[in-house]
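Each ligand, and each atom within it, is numbered from 1 in the order the structure gives.
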Amino acid sequence: MRAAVFEREGVLKIKEIPKPEIIRADDVIIKVELCSICGTDVHIMSVPPGYEATPGTVLGHEICGEIVEIGSAVTTVKPGDRVVLNPNDYCGTCDYCKNNYPNFCEHIRAMGIDVDGGFAEFVRTSEKTVYRISPALPARIAAFAEPLACLLNGFQKIRVMPGESAVVIGAGTIGLMFVQMMKAAGAYPIIVSDPNERKRALAKKCGADITVNPLEQSLEEVVHSQVPMGADYCAEVVGSQMRQAVNVVRKGGTVLLFGVNKKAECQIAQSRITQNEIAVRGTWLANATFPRAVRLLESGVLHLEELITHTLPLEGILEGIELMKTGEGVEILIDPCLQEENK
Ligand SMILES: [Zn+2]
Ligand SMILES: [Zn+2]
């Protein structure tokens with residue numbers, strides 16, 4: 001089968017590799033319908049990398065597909081079922097797993113980072129990582145399940161209430177989903193900061209009341225002109241803007257740090273957090289939030305089709321990563337069934 005293999009720093013190649021086979025009794029083999037490019041994939045492909053992946057691994061972790069084969073012990077899904085999957089398989093036996101934090105598992109197996117992922121025609125995973133979806137749910141929408149499950153894990157830490165104000169820093173796929181979620185929760189005003197004009201326009205479409213280009217305007221000033229105390233919440237979806245996030249929330253407000261950039265460090269006046277009683281919360285991966293993510297996608301509450309800017313064949317993946325880097329692409333789907341000529 002064809003697959004996009006991360007060879008070494010900065011090098012990703014489309015190669016013919018053996019199709020995965022059932023190894024363990026709880027394995028399932030999935031024919032990939034779509035796999036979206038995540039900001040993490042862009043960080044992995046940067047030189048030097050902003051996120052480490054294991055050389056030789058097939059990338060891709062936001063996967064939707066159809067089960068084509070199951071191991072002898074599999075009981076909850078069967079060939080023909082369509083599924084999304086949690087790419088972070090956990091061991092179930094370490095201290096974190098036993099304390100109900102599978103997202104912090106000490107032996108986590110991250111598909112598409114350390115274990116072969118979904119930028120391929122087929123992928124193997126364990127039955128315990130898959131979630132069945134309705135036959136009526138389009139793959140284009142189902143492909144959002146993994147980022148949405150991670151977002152919901154963060155969202156339950158802020159619990160935005162109707163009439164509360166929110167700032168979102170970064171308007172990529174996750175930031176735009178945050179905007180739609182906050183809108184659905186009744187937040188007002190929702191202020192979004194992103195230097196990219198296309199993303200700001202999308203943010204408006206998603207429900208942002210005000211958008212800010214941080215290269216031209218001070219986000220802090222705009223926020224305080226709208227909400228004199230400062231915003232109740234700020235979701236930081238970039239991975240390097242914590243200082244900005246802390247400066248836009250009110251006393252007693254909450255900052256949610258969602259974005260990850262391992263190269264970024266920030267200098268901050270710690271007293272601002274202390275004296276203003278600001279809560280700064282991290283959030284990492286999904287934790288029992290996949291079932292809710294699937295229900296939310298099936299409900300149609302979110303309008304995700306408008307975030308999709310490109311659908312490319314496997315061979316278009318480097319182009320897709322470039323489009324993400326330049327900000328021209330927002331949600332980019334890779335369809336392994338598409339042939340290069342008819343993209
Ligand atoms: Zn991701
Ligand atoms: Zn574990």
Side-chain angles (χ1 to χ4, degrees), residues 4 6 12 24 26 32 34-46 49-54 57-65 84-120 123 125-126 128-129 131 140-155 170-178 235-239 257-262 282-290 293-294 297 304 307-308 317 320-321 323-325 329-334:
F6 175 68
L12 183 69
R24 298 184 333 184
D26 68 335
V32 178
L34 287 174
C35 183
S36 51
I37 301 179
C38 172
T40 304
D41 299 319
V42 179
H43 286 314
I44 289 171
M45 285 302 294
S46 305
Y51 200 94
E52 303 283 335
T54 305
T57 307
V58 177
L59 298 188
H61 60 269
E62 302 180 355
I63 304 163
C64 157
V84 292
L85 53 100
N86 183 347
N88 298 294
D89 195 3
Y90 53 94
C91 73
T93 53
C94 73
D95 285 345
Y96 278 108
C97 280
K98 287 193 164 165
N99 282 285
N100 222 10
Y101 296 106
N103 51 330
F104 302 135
C105 172
E106 287 161 19
H107 312 289
I108 207 157
R109 289 158 33 99
M111 185 184 284
I113 292 169
D114 306 311
V115 180
D116 284 348
F119 293 140
V123 69
T125 186
S126 152
K128 77 175 194 277
T129 70
Y131 297 84
R140 293 166 69 77
I141 301 303
F144 286 88
E146 193 272 339
L148 183 58
C150 296
L151 184 149
L152 286 171
N153 187 23
F155 208 83
T173 294
I174 296 281
L176 293 169
M177 283 200 291
F178 261 110
E236 198 276 9
V237 194
V238 178
L257 300 180
F258 188 104
V260 179
N261 180 349
K262 293 195 180 179
T283 185
W284 184 231
L285 306 178
N287 184 359
T289 40
F290 264 82
V294 169
L297 292 175
L304 300 170
L307 309 193
I308 302 170
I317 190 160
I321 288 172
L323 288 165
M324 294 269 292
K325 266 193 209 162
V330 180
E331 176 74 359
I332 300 182
L333 303 174
I334 298 295

#### Entry: Atoms of the protein (N/O/S only) found under 2.8 Å from the Zn ion (ligand 2)
C91 SG, C94 SG, C97 SG, C105 SG
### Message
Please give me the minimum heavy-atom distance between C91 and C97, naming the atom from each residue.
### Response
N-SG, 3.9 Å
### Query
So, is C150 placed with an N/O/S atom under 2.8 Å from the Zn ion (ligand 1), counting both backbone and side chain?
no
### Message
Check whether D116 reaches the backbone of V58 with its side chain - one donor and one acceptor, N or O, closer than 3.5 Å.
### Response
yes
### Query
For the Zn ion (ligand 1), which N, O or S atom of E62 is at the shortest distance?
OE2
### Message
I'd like to know if the side chain of S46 reaches the main chain of I44, judged simply by a donor and an acceptor atom lying under 3.5 Å from each other, with no hydrogens or angles considered.
### Response
no
#### Entry: Donor-acceptor pair, side chain of D41 and main chain of C38, under 3.5 angstrom
yes
### Candidate list L85, V123, T40, V115, test side-chain contact (heavy atoms from CB on, under 4.5 Å), partner H61, passing option
T40
### Message
Among the N/O/S atoms of H61, which is closest to the Zn ion (ligand 1)? Give the atom name.
### Response
NE2
### Message
Between E236 and V238 (side chain of the first, backbone of the second, donor and acceptor by atom type, cut-off under 3.5 Å), is there such a pair?
### Response
yes
### Message
Filter on side-chain hydrogen bond (donor to acceptor under 3.5 Å, both in side chains), then keep only pairs touching residues 86-99, sequence neighbours left out; what's left?
### Response
D89-K128
